[in-house]
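To keep things clear, I will list the structure first and then write my remarks on it.
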There are 2 protein chains.
Amino acid sequence: MPDSIMMAPPADDEWREDCAPRRVLEIFASKWTSMILHALDARHGGTARTGVLLRSLPGISKKMLTQTLRDMEASGLVSRRVYGTVPPAVDYTLTPLGHRFVEPLELLYGWARRNADALDALTTQRTLRETSKTHG
Amino acid sequence: MPDSIMMAPPADDEWREDCAPRRVLEIFASKWTSMILHALDARHGGTARTGVLLRSLPGISKKMLTQTLRDMEASGLVSRRVYGTVPPAVDYTLTPLGHRFVEPLELLYGWARRNADALDALTTQRTLRETSKTHG
DNA sequence: GGACATAGATACCTGGAGGTAACCATGCCA
DNA sequence: TGGCATGGTTACCTCCAGGTATCTATGTCC
């Protein structure tokens with residue numbers, strides 16, 4: 001066996017559990033956070049009402065939307081504003097902090113759009129199952 | 001209430017469930033995939049033995065490592081090579097496809113390192129609990 | 001003989017993410 | 001009177017990612 005493979009020094013000493021790279025992943029840990037961040041940023045002033053968001057994110061449920069938004073509020077990513085009107089109206093706005101997280105998101109999304117072919121090339125389990133006997 | 005907020009057109013029509021941005025998120029859906037991708041890339045030729053990876057990723061368990069690696073193999077991100085030696089030796093190499101996914105990762109990780117302060121500013125539930133009464 | 005290292009397989013368990021559906025309060029409108 | 005829309009909340013359920021522990025096989029070394 002090749003020596004070159006044998007000896008591999010523990011290069012990433014600082015790849016600890018609380019390093020920045022690992023922590024940024026937490027943003028993507030909850031399914032909808034990044035998408036809400038994006039959806040908000042896509043609006044004027046990073047503000048949008050609940051219903052608008054609900055309709056902007058195909059597939060999200062009312063519950064998951066509010067739940068995620070509340071978590072994001074607790075994290076300091078968005079601020080919530082309630083209008084005492086009736087029927088009730090609520091909107092959410094990106095905080096300055098929340099705004100900062102838009103950049104890495106767009107970085108990622110941008111790459112994804114430019115590299116859709118790579119994503120297509122990925123043999124997802126799903127795709128695997130569906131394709132398996134299809135042409136074999 | 002401000003009109004500007006009321007009328008918000010469904011701007012992201014193509015923000016469908018299978019759009020590129022959404023699909024790229026799947027890479028981060030499984031906890032270790034991105035980190036393994038990075039760890040492999042950090043080696044010469046994107047190749048590393050199981051044990052090396054195990055030690056490179058603090059916190060990962062043997063099971064999760066193999067499991068994730070096998071999933072990645074099925075997705076076409078890495079290739080597995082077994083040496084008929086004893087004790088057994090196995091190594092994994094980034095495929096060309098796998099290599100392509102390193103870029104967005106590093107994009108993200110790079111941002112994270114440069115913006116550690118933003119990550120610190122995030123009021124994680126964790127941090128919230130630990131800090132709550134600490135200095136208040 | 002027994003420990004260690006190699007790379008796994010396998011059984012087992014659990015938390016919680018994420019989803020569904022029903023309910024609430026209210027005013028408008030037909 | 002009943003339906004609709006507003007933004008939630010709540011109860012409930014399921015699934016599986018992710019983790020633990022134990023077992024395999026084999027050769028070397030003490």
Side-chain angles (χ1 to χ4, degrees), chain A residues 1-3 5-8 17 22 25-36 47-75 78-93 124-126 129, chain B residues 1-3 5-8 17 22 25-36 47-75 78-93 124-126 129:
Chain A
M1 102 149 2
D3 284 19
I5 300 177
M6 286 296 309
M7 46 189 192
E17 321 222 10
R22 281 209 187 185
L25 294 181
E26 294 176 12
I27 295 283
F28 303 92
S30 94
K31 184 172 178 181
W32 300 102
T33 306
S34 67
M35 290 186 255
I36 294 181
T47 296
R49 292 188 54 176
T50 316
V52 173
L53 289 175
L54 199 57
R55 276 168 253 124
S56 299
L57 300 171
I60 198 174
S61 71
K62 213 191 299 192
K63 180 196 135 189
M64 283 315 294
L65 179 60
T66 14
Q67 182 175 307
T68 309
L69 279 167
R70 304 306 263 264
D71 288 350
M72 293 171 70
E73 191 191 6
S75 301
V78 303
S79 63
R80 193 174 109 108
R81 210 167 9 170
V82 183
Y83 299 84
T85 61
V86 108
V90 176
D91 67 30
Y92 296 88
T93 306
T124 312
Q125 280 74 348
R126 211 173 319 280
R129 226 180 290 131
Chain B
M1 106 150 2
D3 284 18
I5 300 178
M6 286 295 309
M7 45 189 192
E17 321 222 9
R22 281 209 187 186
L25 294 180
E26 294 176 13
I27 295 284
F28 304 92
S30 93
K31 185 172 176 182
W32 300 102
T33 305
S34 66
M35 290 187 256
I36 294 182
T47 297
R49 292 188 55 178
T50 317
V52 172
L53 289 173
L54 198 57
R55 275 168 252 122
S56 298
L57 300 171
I60 198 175
S61 71
K62 211 192 301 192
K63 181 197 136 188
M64 282 316 295
L65 179 60
T66 13
Q67 183 175 305
T68 308
L69 279 167
R70 303 305 264 264
D71 289 349
M72 292 171 70
E73 192 191 6
S75 301
V78 303
S79 62
R80 192 175 109 108
R81 210 166 11 170
V82 183
Y83 298 84
T85 61
V86 109
V90 176
D91 67 30
Y92 296 86
T93 307
T124 312
Q125 281 72 346
R126 214 174 317 280
R129 228 180 289 132

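Just so it is clear, the values below take in all heavy atoms, side chains as well, and ignore hydrogens, waters and symmetry mates. Computed from a predicted model, the values in this text were never measured in an experiment. Letters A, B, ... are given to chains in the order of the sequence lines, protein chains preceding strands, and every chain is numbered from 1.
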What is the distance from [atom1] of [X] to [atom2] of [N], rounded to the nearest Å?
{"X": "Lys63(A)", "N": "dA11(D)", "atom1": "NZ", "atom2": "P", "answer": "12 Å"}
{"X": "Arg81(A)", "N": "dG8(D)", "atom1": "CZ", "atom2": "C1'", "answer": "19 Å"}
{"X": "Leu54(A)", "N": "dG7(D)", "atom1": "CG", "atom2": "C1'", "answer": "10 Å"}
{"X": "Leu69(A)", "N": "dG8(D)", "atom1": "CG", "atom2": "C1'", "answer": "12 Å"}
{"X": "Trp32(B)", "N": "dA17(D)", "atom1": "CH2", "atom2": "P", "answer": "15 Å"}
{"X": "Met64(A)", "N": "dC13(D)", "atom1": "CE", "atom2": "P", "answer": "19 Å"}
{"X": "Arg22(B)", "N": "dG18(C)", "atom1": "CZ", "atom2": "P", "answer": "13 Å"}
{"X": "Met72(B)", "N": "dA17(D)", "atom1": "CE", "atom2": "P", "answer": "15 Å"}

Should [X] be listed as having a side-chain N or O under 4.0 Å from OP1 or OP2 of [N]?
{"X": "Tyr92(B)", "N": "dG8(C)", "answer": "yes"}
{"X": "Lys31(A)", "N": "dG19(C)", "answer": "yes"}
{"X": "Thr50(A)", "N": "dG8(D)", "answer": "yes"}

Closest approach to the side chain of [X], judged atom by atom: which nucleotide of [options] is it?
{"X": "Val90(B)", "options": "dG19(C), dG18(D), dA7(C)", "result": "dA7(C)"}
{"X": "Arg70(A)", "options": "dA7(C), dA11(C), dT9(D)", "result": "dT9(D)"}
{"X": "Arg80(B)", "options": "dG8(C), dA21(D), dG8(D)", "result": "dG8(C)"}
{"X": "Arg55(B)", "options": "dG19(C), dT6(C), dG19(D)", "result": "dT6(C)"}
{"X": "Lys62(A)", "options": "dG8(D), dG18(D), dG18(C)", "result": "dG8(D)"}
{"X": "Arg49(B)", "options": "dG8(C), dT6(C), dG18(C)", "result": "dT6(C)"}

Mapping Pro88(A) and Ala29(A) to their closest nucleotides on DNA chain C, which lands nearer the 5' end?
Ala29(A)

Indicate, with a heavy-atom threshold strictly under 4.0 Å, whether Thr66(B) touches base, sugar-phosphate, or nothing.
sugar-phosphate

Restricting to non-hydrogen atoms, name the atom on Pro58(A) and the atom on Arg22(B) that form the minimum distance, rounded to 0.1 Å.
O-NH2, 2.9 Å

In short, Leu57(A) meets Trp32(A) closest at the heavy-atom pair CB-CZ3, 4.5 Å

Between Thr66(A) and Lys62(A), is there a donor-acceptor pair closer than 3.5 Å when you use the side chain of the first and the backbone of the second?
yes

In sequence, state the C-alpha distance, the side-chain angles, and the governing distance for Leu65(B) and Leu53(B), and then conclude on side chain to side chain contact (heavy atoms under 4.5 Å, CB included).
CA-CA 8 Å; Leu65(B) 179 60; Leu53(B) 289 173; 4.0 Å; yes

Single hit among Arg70(B), Arg81(B), Met72(B) for side-chain contact (heavy atoms from CB on, under 4.5 Å) with Tyr92(B)
Arg70(B)

